[in-house]
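Inspection log for the structure reproduced underneath, given as structure tokens.
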Amino acid sequence: MEDKFYITTTIPYANAPPHIGFALEIIQADILARWNTLHKKKVFFLTGTDEHGTKNYQTAKKQKLTPQEFVDKNSELFKELTKALNISNNYFIRTTDKKRHWPGAIEMWRILKERGDIYKKKYSGKYCSGCERFITEKELEDNKCPEHPSLNIQQIEEENYFFRLSKYSDKIKKLIETNKLEILPEKWKNDFLGLIKNGLTDVSFSRDIKHLPWGIPVPEDKNQVLYVWCDALTNYLTGIGFPNKKYEKFWPADIHLVGKDMLRFHAGIWPGMLLSAGLQLPKKIIVHGFLTIDGKKMSKSTGNVISPLELAKKYSSDSIRYYLTRTTPFGDDGDFSEKALMERHNNELANKLGNLVSRVSTLAEKYGIEKCENELALKNLISDWKSKKIENSRLSTIKEHFKNYELDRALSEIFAFLDICNEYIQKTQPWKSKDKKILYELADSIKSASILLWPFIPETSEKIANVFGFKISISELNNPLKISKIKKSEILFNKIK
RNA sequence: AGCGGGGUGGAGCAGUCUGGAGUGCUCACCGGGCCCAUAACCCGGAGGUCGCGUGGUUCAAAUCCCGCCCCCGCUACCA
């Protein structure tokens, strides 16, 4: 039984403030991290920002800032987001951090060079003279740079270093096929295997300093800087201390959580680098989808980009966490709409959970609770009443969903139990009977639900734990709630609108 | 073009892999109950030929196979 759990998110490019898609990623990672914390594992959760590259350099120039000032400013916004969303990351890595990141990135280069996997070659790319930088296929619109549509894109060449990724093509393919490197959901594994069926090609690994003046210098070549792969991907190691030996405490990563567009780099280039360097591969790559906004693709040009920082001013972190998780099926795209967020906040968090806690805590304050066997939870959560088996229970289903990373399903299963609690209080009418045992069953059931909900909505769970007096840990599920003086809970979720 | 995803009561979604009465969720609508609670909660009801073929397999298809139509995404350098 492994007792450590290392999870990472991708590190977003610090060229712009965070958008809602990244919020989805850190929330999902946080839920998995907290689920493991709940199980008493030694968790390390890493996120951060990718801060080099021409785009940052150019944008800084436009804003009359030094590149460092510019990325400092944006990186701070990502840090703010982790706080606004109550993210439990253990460290926040920045690729411009010369103490924490640079030595490891340079060391990675050095090792790959030593293996003979880095060589010089002519690189040819699409270049916009307006931006003074290479631009990617993806950025092009009608074969023009969107920012300088009047200019023609040039094909220009420079000499730089390449990484011999092709050498590891077969090995990587085999590792993925045999699930030594697991890609989930499986459709993304198949997607990637289809993509590389003709093999992986070598990748450009550095840039001439003329075209990329903002980056980590290549060891022993002043005219070149590391290109994004060796720089950014290495964060997963430097974030836990590499090249200092202490990184071995958490490496290999248990999970790299990535957006679907990032899969190819994490399943191709990154494993190639690790194989070359003789380091262990991550165990799993979990792929999440994108968010559409009101059913439409999010893009700057249509102006429907949602800022999670703005959203967090209006809604609690738990509402946002709950909504995004509930609305996004594992590995698929989800849709964001503020109307739906508000509805779920009102109907599910306020009416179902909040109101239940409110009425039970009020009654418990008035009439008290008396310890008894909690048949409500026993029947509907802990074990399957009919077969008397734990395997068929709702709790085992929830655990199964977690194991499969189906967070949306785990969440709806927990809420199905809360529905049963609401039915129960309605049917037994403890406000009439003043039955302390019924109230105990309800309070103890709320305890169980709250513990299971902690990874999703930690702030609320902790509030509930205070009201009923229990500890948040998975082992507490089996311990009956201790009797304490219960006071009416504050309103957990105020209705919106 | 290729690859991938989708078309389920008025809206938005699960369910399809592992076939079994159209089951479920969040709303909208109609009727009732409750009065502890955040005008919350509970019960009941109306509403769908599960894109099309009136296709195939099967005792049985939303689910598997075939054909067709429509929507959307991706096609390698950063969610």
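Letters go in sequence order (proteins before strands), and every chain restarts at 1.
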Original post:
Dot-bracket for RNA chain B, 5' to 3', counting Watson-Crick or G-U wobble pairs under 3.5 Å, with [ ] for crossing pairs and | for inter-strand pairs?
Top reply: ((((((((.[[[[[)....(..]]]]].(((((.......))))).....[[[.[[..)....]]]]])))))))....
Spacing of the [atom1] atoms in [M] and [N] (rounded, Å):
{"N": "B:U58", "M": "B:U8", "atom1": "C1'", "result": "23 Å"}
{"N": "B:C65", "M": "B:C27", "atom1": "P", "result": "35 Å"}
{"N": "B:C34", "M": "B:C41", "atom1": "C1'", "result": "8 Å"}
{"N": "B:A21", "M": "B:A62", "atom1": "C1'", "result": "13 Å"}
{"N": "B:C3", "M": "B:G44", "atom1": "C1'", "result": "49 Å"}
{"N": "B:G56", "M": "B:A61", "atom1": "P", "result": "12 Å"}
{"N": "B:G6", "M": "B:G33", "atom1": "P", "result": "45 Å"}
{"N": "B:G10", "M": "B:C74", "atom1": "C1'", "result": "33 Å"}

Is there a side-chain polar atom (N or O) of [X] under 4.0 Å from OP1 or OP2 of [N]?
{"X": "A:K488", "N": "B:U38", "answer": "yes"}
{"X": "A:K260", "N": "B:C74", "answer": "no"}
{"X": "A:N422", "N": "B:C41", "answer": "no"}
{"X": "A:N351", "N": "B:C41", "answer": "yes"}

Original post:
Should the ring pair A:F415 and A:Y322 be called parallel, tilted or perpendicular, given that the plane angle runs from 0 to 90° and is split at 30 and 60?
Top reply: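 Aromatic pair A:F415/A:Y322 classed tilted.
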**OP:** Look at the aromatic rings of A:Y315 and A:H345 and report parallel, tilted or perpendicular, splitting at 30° and 60°.
**Re:**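 Correct class here is perpendicular.
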Subject >> Sugar-phosphate only, base, or nothing, as touched by A:F290 at under 4.0 Å among non-hydrogen atoms >> reply: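 Result for A:F290 = base.
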Separation of atom [atom1] in [X] from atom [atom2] in [N], rounded to whole Å:
{"X": "A:R326", "N": "B:G12", "atom1": "CZ", "atom2": "C1'", "answer": "12 Å"}
{"X": "A:N347", "N": "B:C13", "atom1": "CG", "atom2": "C1'", "answer": "15 Å"}
{"X": "A:R394", "N": "B:G24", "atom1": "CZ", "atom2": "C1'", "answer": "12 Å"}
{"X": "A:N346", "N": "B:U38", "atom1": "CG", "atom2": "P", "answer": "15 Å"}
{"X": "A:R344", "N": "B:C27", "atom1": "CZ", "atom2": "C1'", "answer": "10 Å"}
{"X": "A:Y424", "N": "B:C43", "atom1": "OH", "atom2": "P", "answer": "15 Å"}
{"X": "A:K427", "N": "B:C41", "atom1": "NZ", "atom2": "C1'", "answer": "14 Å"}

Side chain of [X] only, please: which of [options] is the nearest?
{"X": "A:F493", "options": "B:U38, B:C77, B:C42", "result": "B:U38"}
{"X": "A:V228", "options": "B:A40, B:C77, B:U38", "result": "B:C77"}
{"X": "A:F265", "options": "B:C25, B:A76, B:A79", "result": "B:A76"}
{"X": "A:L363", "options": "B:C42, B:C36, B:A79", "result": "B:C36"}
{"X": "A:R409", "options": "B:A14, B:A79, B:U38", "result": "B:A14"}
{"X": "A:H288", "options": "B:A79, B:C36, B:C25", "result": "B:A79"}

Subject >> ring pair (Phe, Tyr, Trp, His ring centres under 6.0 Å) partner of A:H52, chosen from A:Y57, A:Y13, A:Y227, A:W102 >> reply: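 It is A:W102, the one option of A:Y57, A:Y13, A:Y227, A:W102 that forms the ring pair (Phe, Tyr, Trp, His ring centres under 6.0 Å) with A:H52.
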Subject >> Of A:Y367 and A:K339, the one whose closest RNA chain B nucleotide lies more 5' >> reply: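 Taking each residue's closest nucleotide, the earlier one in sequence belongs to A:K339.
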Subject >> First of A:I196 and A:G289 reached from the 5' end of RNA chain B, by closest nucleotide >> reply: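 Residue closer to the 5' terminus by nearest nucleotide: A:I196.
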**OP:** Answer yes or no: are there more than 12 heavy-atom neighbours, outside A:K73 itself, under 6.0 Å from its atom NZ?
**Re:**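 Yes - once you tally the heavy atoms of other residues, nucleotides and ligands closer than 6.0 Å, there are more than 12.
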Subject >> Pair A:Y405-A:H288, side-chain donor/acceptor within less than 3.5 Å >> reply: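 No - no donor-acceptor pair under 3.5 Å links their side chains.
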Original post:
Cut-off 3.5 Å, side chains only: do A:S75 and A:E51 have a donor facing an acceptor?
Top reply: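 Checked: A:S75/A:E51 side chains pair up, N/O donor to acceptor below 3.5 Å.
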Original post:
With a 4.5 Å limit on heavy-atom distance, are the side chains of A:N374 and A:S445 in contact?
Top reply: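 A:N374 vs A:S445: side chains touch.
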Original post:
On a plain distance test, is the side chain of A:Q426 in donor-acceptor contact with the base of B:C41 below 3.5 Å?
Top reply: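 Pair found.
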Original post:
So, do A:F265 and A:H256 have ring centers that fall under 6.0 Å from each other?
Top reply: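 No, ring centres 6.0 Å or more apart.
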Original post:
Is it true that a side-chain atom of A:H101 and a backbone atom of A:D231 form a donor plus acceptor pair closer than 3.5 Å?
Top reply: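 Side chain of A:H101 to backbone of A:D231: a pair is present.
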